[in-house]
Amino acid sequence: MSIPVYIRKEYFRAVDLKDKSAHILEFHYLPRMIEVYENGFSVFHMEYALETKTKINIVEFYLTDFGLRGKGYGTVCMYEITDQFQKKGITLITAPAGYKLAPLGYTGPDQYKELMAGFYEKIGFSLSGNGDTAMKILDQIDTR
């Protein structure tokens with residue numbers, strides 16, 4: 001069983017991408033799902049499960065357009081989302097490092113798993129000993 005974590009229904013965030021270009025992203029937090037838009041177009045999707053009051057498991061996330069990959073959208077979205085989770089008292093985030101089937105555009109699951117491992121490490125996650133799970137421990141924020 002999983003329960004949703006409620007953050008804010010929606011808000012805008014100014015971000016700089018890899019090429020130093022400025023963008024305004026609109027984050028929509030829904031029960032068990034986060035959608036990110038730019039100029040009304042979907043750019044990022046995440047599904048998650050709140051396993052306990054302080055632990056979230058990312059079920060899946062992806063950029064909605066293959067052409068957006070490698071530009072920094074995933075990185076800025078994940079930083080923003082983990083920051084919001086931390087503010088809500090989440091102390092541990094876990095995610096699969098790959099899937100049995102690779103998404104379109106990849107040669108296979110091994111290539112995708114290697115790519116995802118590098119991405120997770122870049123955004124501050126650690127990989128489990130067998131490399132199947134990525135995890136990030138978040139510091140507690142004093143909300144007084």
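The first residue of the sequence shown is numbered 1, and numbering continues consecutively from there. Because the structure is a prediction, the values reported are computed rather than measured. FYI, side chains are in, hydrogens and waters are out, and symmetry mates aren't considered; it's all heavy atoms of this structure.
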Checklist line | Nearest non-hydrogen partners of Ala117 and Leu127, listed with the distance | finding: CB-CD1, 3.4 Å
Check: Side chains of Asp65 and Val43: closer than 4.5 Å at any heavy-atom pair?
Finding: no
Notebook entry, point to check: NZ/Lys71 to NE2/His23 distance, rounded to the nearest 0.5 angstrom?
Noted result: 8.5 Å
Check: Quick one: do Leu138 and Tyr120 end up in the same hydrophobic cluster if we chain Ile, Leu, Val, Met, Phe, Trp and Tyr together by side-chain heavy atoms under 4.5 Å apart?
Finding: yes
Next item on the list: Indicate if Val15 and Tyr79 have the same hydrophobic cluster label, given that clusters are the connected sets of ILVMFWY residues with side-chain heavy-atom separations under 4.5 angstrom.
Entry: yes
Notebook entry, point to check: Does some side-chain heavy atom of Ile93 sit less than 4.5 Å from a side-chain heavy atom of Phe85?
Noted result: yes
Next item on the list: Hey, could you give me the CG/CD1 distance between Leu50 and Ile90, rounded to the nearest 0.5 Å?
Entry: 5.0 Å
Checklist line | Residue pair Met46 / Glu35, side-chain heavy-atom distance below 4.5 Å | finding: no
Notebook entry, point to check: About how many Å separate CZ of Arg69 and OH of Tyr62, when rounded to the nearest 0.5 Å?
Noted result: 10.5 Å
Check: Would a 4.5 Å heavy-atom cut-off, applied to side chains only, mark Thr54 and Leu92 as touching?
Finding: no
Next item on the list: To the nearest 0.5 Å, tell me how far Glu51 CD sits from Ile56 CD1.
Entry: 9.5 Å
Notebook entry, point to check: Are Leu68 and Phe27 connected in a single hydrophobic cluster, I mean Ile/Leu/Val/Met/Phe/Trp/Tyr linked by side-chain heavy atoms less than 4.5 Å apart?
Noted result: yes
Notebook entry, point to check: Is there a donor in the side chain of Thr75 and an acceptor in the side chain of Lys122, or the other way round, less than 3.5 Å apart?
Noted result: yes
Check: Tell me, do Ile34 and Phe61 make a side-chain contact under 4.5 Å, heavy atoms counted?
Finding: no
Next item on the list: Take Glu38 and Tyr73 through the side-chain hydrogen bond (donor to acceptor under 3.5 Å, both in side chains) test and state the conclusion after the steps.
Entry: CA-CA 10 Å; Glu38 182 176 34; Tyr73 281 95; 2.6 Å; yes
Next item on the list: Decide yes or no for Met78 and Ile58: does some side-chain heavy atom of the first lie under 4.5 Å from some side-chain heavy atom of the second?
Entry: yes
Item checked: Output field: ring centroids Phe119/Phe125 closer than 6.0 Å -> no
Checklist line | Backbone of Ser128 reached by a side-chain donor or acceptor of Thr133 within 3.5 Å | finding: no
Notebook entry, point to check: How far apart are the closest heavy atoms of Leu63 and Gly74, and which atoms are they?
Noted result: CD2-N, 3.9 Å
Note to self: When you measure from the side chain of Lys136 to the backbone of Ile123, do you find a donor-acceptor pair of N or O atoms at a distance under 3.5 Å?
What the structure shows: yes
Notebook entry, point to check: Considering only heavy atoms from C-beta outward, does the side chain of Thr91 approach that of Lys55 to under 4.5 Å?
Noted result: no
Note to self: Has Thr64 got a side-chain atom pairing as donor or acceptor with Ser42's backbone, closer than 3.5 angstrom?
What the structure shows: yes
Margin query: Using a 3.5 Å distance criterion without hydrogens, assess whether the side chain of Gln86 forms a donor-acceptor pair with backbone atoms of Asp139.
Written below: yes
Checklist line | Taking every non-hydrogen atom, the tightest pair across Val59 and Pro96 | finding: O-CG, 3.9 Å
Notebook entry, point to check: Parallel, tilted or perpendicular for His28 and Tyr37, by the 30°/60° rule?
Noted result: perpendicular
